Amino acid sequence: MTTAPNQSAGMALLEWYDRHGRSLPWRTRQGEAEPYRVWLSEIMLQQTTVAAVIPYFERFTARWPTVEALAAAEDDDLMTAWAGLGYYARARNLLACARTVAGQGFPRTADSLRQLPGVGAYTSSAVAAIAFGERVPVVDGNVERVVSRLIKLGVPPKTAVATVTEAVEAMLPDERPGDFAQAMMDLGATICTPKSPACGICPIRGWCAAAADGSALDYPKKLPKRAKKTWHGVSFVVAAPGGRVLMRKRPPKGLLGGMLEAPGSAWGEIPDNPFAHAPLAARWSEAGSINHVFTHADLTLSVFTAQLPRPMPVKGCEWYCAQTPVATLTRKVLTRGLATLTPEP
DNA sequence: CAGCCGTGGAT
DNA sequence: TATCCAAGGCT
């Protein structure tokens, strides 16, 4: 029989964190971190790996060193800087949030942070704990997994938020709530991993019911996964001299909201007449197709391409530099189309 | 509240 | 290739 997670486990975890915690660009060595950097990193890290975030974080903080600087950014510049990172609603919320906070500083409690756009239960508590030292439980995916194993939680953690939160509160030390939150996440990221947990070197295995009977891989219990849709569509890559390419801006909300794309059809059933969706009359070349995986759908786009002698006005579209940062899907389409126009030897 | 919302890396 | 999944939030 193991001891249920308690404050001693929390303190053991803090000692481990002091020796083995990761060094990351948004972390400071001692004391409270800059709220701006903590908030920015937490938004970027939503459902996004540390490795993917780091270069974006470095670029953002170099270009916009303060929340006031970020608040003064143009919408298009912000979206362009975010291009490739995904979940673009985060970028729109980021800017709205910065403009709300600029000049008066961030709210300093989880409850007040929670009112900001794009800041939910996790992010509000994480920023409050890490940047302002509020003693609140922080529950992310890592913590859900760690706790599921500690107490052998028999249901998916999303369906037992109160139980998970109570377990974290039971462990929460009196001091250093921010370090404790980051320690839990580091433990989940480096020791208590999804597929190969290193229970043998875990600093809190003495409190872990799953480690005690070798059942860590049975947790967390998973929700049944839902079926994916398959979408089809057509895209048209139109090039003009000077490295120009024709694009349009997607509607501000929804999938890839506010991002640039090559003109073409809506996505769904296979279009019966692809050229009905062409932005203009031209001699089209087939450029093959590209595949793209969204969280909830697989997309296949047939790409057609044409070269114009010069840029000309097209309703609903504008001409852009082909190197403009765009969402990954659009980058795939442009690359495919432009490669067909200028084939490699 | 279950579905929507990106992407890239690991296995 | 298929699948999972990574510091979630919104509706």
Side-chain angles (χ1 to χ4, degrees), chain A residues 21-22 24-27 33 37-57 79 82-94 96-97 113-131 137-146 156-159 161 164 168 178-190 192-196 217 220 222-231 250-259 261 267 290-299 325-332:
Chain A
R22 292 174 293 177
L24 299 169
W26 44 86
R27 287 185 178 170
R37 296 168 64 87
V38 174
W39 163 72
L40 178 60
S41 69
E42 292 298 344
I43 300 297
M44 288 182 165
L45 285 162
Q46 289 169 5
Q47 294 292 286
T48 308
T49 57
V50 166
V53 164
I54 287 176
Y56 282 84
F57 180 83
M79 298 307 288
W82 195 275
L85 196 55
Y87 285 136
Y88 297 96
R90 293 185 294 173
R92 298 192 298 274
N93 287 332
L94 188 82
C97 196
L113 285 159
R114 180 76 175 77
Q115 305 305 313
L116 297 169
V119 178
Y122 162 75
T123 304
S124 59
S125 55
V127 173
I130 297 168
V138 177
V139 179
D140 77 326
N142 287 303
V143 176
E144 289 177 350
R145 181 173 58 256
V146 170
K158 297 285 190 214
T159 71
V161 174
V164 173
V168 176
D179 285 345
F180 173 72
Q182 295 177 93
M184 286 287 278
M185 294 189 278
D186 276 23
L187 187 76
T190 64
C192 196
T193 59
K195 295 179 181 174
S196 57
L217 284 178
K222 294 172 189 170
L223 290 163
K225 60 174 182 179
R226 32 196 191 254
K228 256 188 175 183
K229 302 169 189 172
T230 300
W231 293 335
R250 291 179 59 85
K253 295 186 178 179
L255 186 61
L256 301 174
M259 302 301 289
E261 69 173 359
W267 304 334
I290 64 95
N291 294 302
H292 192 71
V293 177
F294 294 112
T295 304
H296 57 294
D298 292 337
L299 173 64
V326 293
T328 298
L329 167 63
T330 299
R331 179 53 54 200
K332 288 181 185 176

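Owing to the predicted nature of the structure, the values given are computational and were not obtained by experimental measurement.
- A/Gln46 places a side-chain N or O within donor-acceptor distance of the main-chain N or O of A/Gly118, the cut-off being under 3.5 Å.
- On the C1' atoms, B/dC1 is 15 Å away from C/dG8, given to the nearest whole Å.
- For the segment residues 39-49 of chain A, residues with any heavy atom less than 4.0 angstrom from an atom of DNA chain B are, sorted by number, A/Gln47, A/Thr48.
- Between the P atom of B/dT7 and the CG atom of A/Asn291 lies a distance of 14 Å, rounded to the nearest Å.
- Across all non-hydrogen atoms, the minimal contact from A/Ala52 to A/Thr48 is CB-CG2, 4.0 Å.
- Closest to the A/Pro194 side chain, of the nucleotides B/dC5, C/dG9, C/dA6, is C/dA6.
- For A/Val50, taking side-chain heavy atoms from C-beta onward, the closest of the listed nucleotides C/dC4, C/dA7, B/dC5 is C/dA7.
- The side chain of A/Arg226 lies closest to B/dC4, out of C/dC4, B/dC4, B/dT7.
- Separation of the P atoms belonging to C/dA7 and B/dA10 is 15 Å when rounded to the nearest angstrom.
- Between B/dG8 and C/dG9, the two P atoms lie 22 Å apart (nearest whole Å).
- Among the protein residues, A/Lys158 comes within range of no part of the nucleic acid, since none of its heavy atoms lies under 4.0 Å from any strand.
- For the pair A/Ala189 and A/Lys253, nearest-nucleotide mapping onto DNA chain C gives the more 5' position to A/Ala189.
- Side-chain N/O atoms of A/Lys195 include none lying less than 4.0 angstrom from OP1 or OP2 on C/dT3.
- Side-chain atoms of A/Arg114 lie closest to C/dC10 of the nucleotides B/dC5, B/dG6, C/dC10.
- Going from atom NZ of A/Lys225 over to atom C1' of B/dA2 covers 17 Å, rounded to whole Å.
- Looking at heavy-atom distances under 4.0 Å, A/Ala121 makes contact with sugar-phosphate atoms alone, never a base.
- As rounded to whole Å, 19 Å separates atom P of C/dC4 from atom CG of A/Asn142.
- Between B/dT7 and A/Tyr88, a contact under 4.0 Å exists linking OP1 or OP2 to a side-chain N or O.
- Counting non-hydrogen atoms under 4.0 angstrom, A/Arg331 reaches nothing in the nucleic acid.
- As a whole-Å value, the separation of A/Ile54 CD1 from B/dG9 P is 13 Å.
- The gap from the C1' atom of B/dC5 to that of C/dA6 amounts to 15 Å, rounded to the nearest Å.
- You'll find that the side chain of A/Thr328 is closest to B/dG8, out of C/dC4, B/dG8, B/dG6.
- The aromatic rings of A/Phe294 and A/His296 sit tilted, their planes meeting at an angle between 30° and 60°.
- Nearest-nucleotide assignment on DNA chain B puts the 5′-proximal partner with A/Leu256, out of A/Ala51 and A/Leu256.
- Residue-level contact check: A/Leu24 touches the bases, meaning some heavy atom is under 4.0 Å from a base atom.
- The side chain of A/Trp26 approaches C/dA7 more closely than any other nucleotide in the set B/dC5, C/dA7, B/dT7.
- With hydrogens and angles left out, the side chain of A/Arg145 and the base of C/dA6 share no donor-acceptor pair within 3.5 Å.
- Taking atom P in both B/dT7 and B/dG3, one finds a spacing of 22 Å when rounded to whole Å.
- Looking at heavy-atom distances under 4.0 Å, A/Ala327 makes contact with sugar-phosphate atoms alone, never a base.
- When rounded to the nearest whole Å, the span between CZ of A/Arg92 and P of B/dG6 equals 8 Å.
- What you find for A/Tyr56 and A/Trp82 is that their closest heavy atoms are CE2-O, 3.7 Å.
- The interatomic distance linking A/Arg250 (CZ) with B/dC5 (C1') rounds to 11 Å, in whole Å.
- Residue A/Lys222 is in sugar-phosphate contact alone, with no base atom involved, counting any heavy-atom pair closer than 4.0 Å across all strands shown.
- For B/dG6, neither phosphate oxygen OP1 nor OP2 lies less than 4.0 angstrom from any side-chain nitrogen or oxygen of A/His292.
- A/Ser41 contributes a side-chain N or O that, together with a main-chain N or O of A/Val38, makes up a donor-acceptor pair within less than 3.5 Å.
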May I have the step-by-step check of side chain to side chain contact (heavy atoms under 4.5 Å, CB included) for A/Leu85 and A/Arg90, ending in yes or no?
-> CA-CA 10 Å; A/Leu85 196 55; A/Arg90 293 185 294 173; 3.8 Å; yes

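- When the nearest nucleotides of DNA chain B are assigned to A/Lys229 and A/Phe294 by heavy-atom distance, the more 5′-ward of the two goes with A/Lys229.
- The main-chain N or O of A/Arg22 is found under 3.5 Å from a side-chain atom of A/Asp186 such that the two form a donor-acceptor pair.
- Note on A/Arg145 versus A/Asp140: no salt bridge recorded, every NZ/NE/NH1/NH2 to OD/OE distance being 4.0 Å or above.
- Counting non-hydrogen atoms under 4.0 angstrom, A/Val293 reaches a base of the nucleic acid.
- In summary, the aromatic rings of A/Trp26 and A/Phe57 are positioned with their centroids under 6.0 Å apart.
- For A/Thr295 against B/dG6, a side-chain-to-base donor-acceptor contact under 3.5 Å is present.
- A/Gly188 comes within 4.0 angstrom of no nucleic acid atom, judged by non-hydrogen atoms across all strands.
- Here A/His296 does not reach the OP1 or OP2 of B/dC4: none of its side-chain N or O atoms lies under 4.0 Å away.
- One atom, CG of A/Asp298, and another, P of B/dC5, lie 14 Å apart when rounded to the nearest Å.
- With sequence neighbours excluded, no residue forms a side chain to side chain donor-acceptor pair (under 3.5 Å) with A/Ser124.
- Atoms CG (A/Leu255) and C1' (B/dG6) sit 8 Å apart, rounded to a whole Å.
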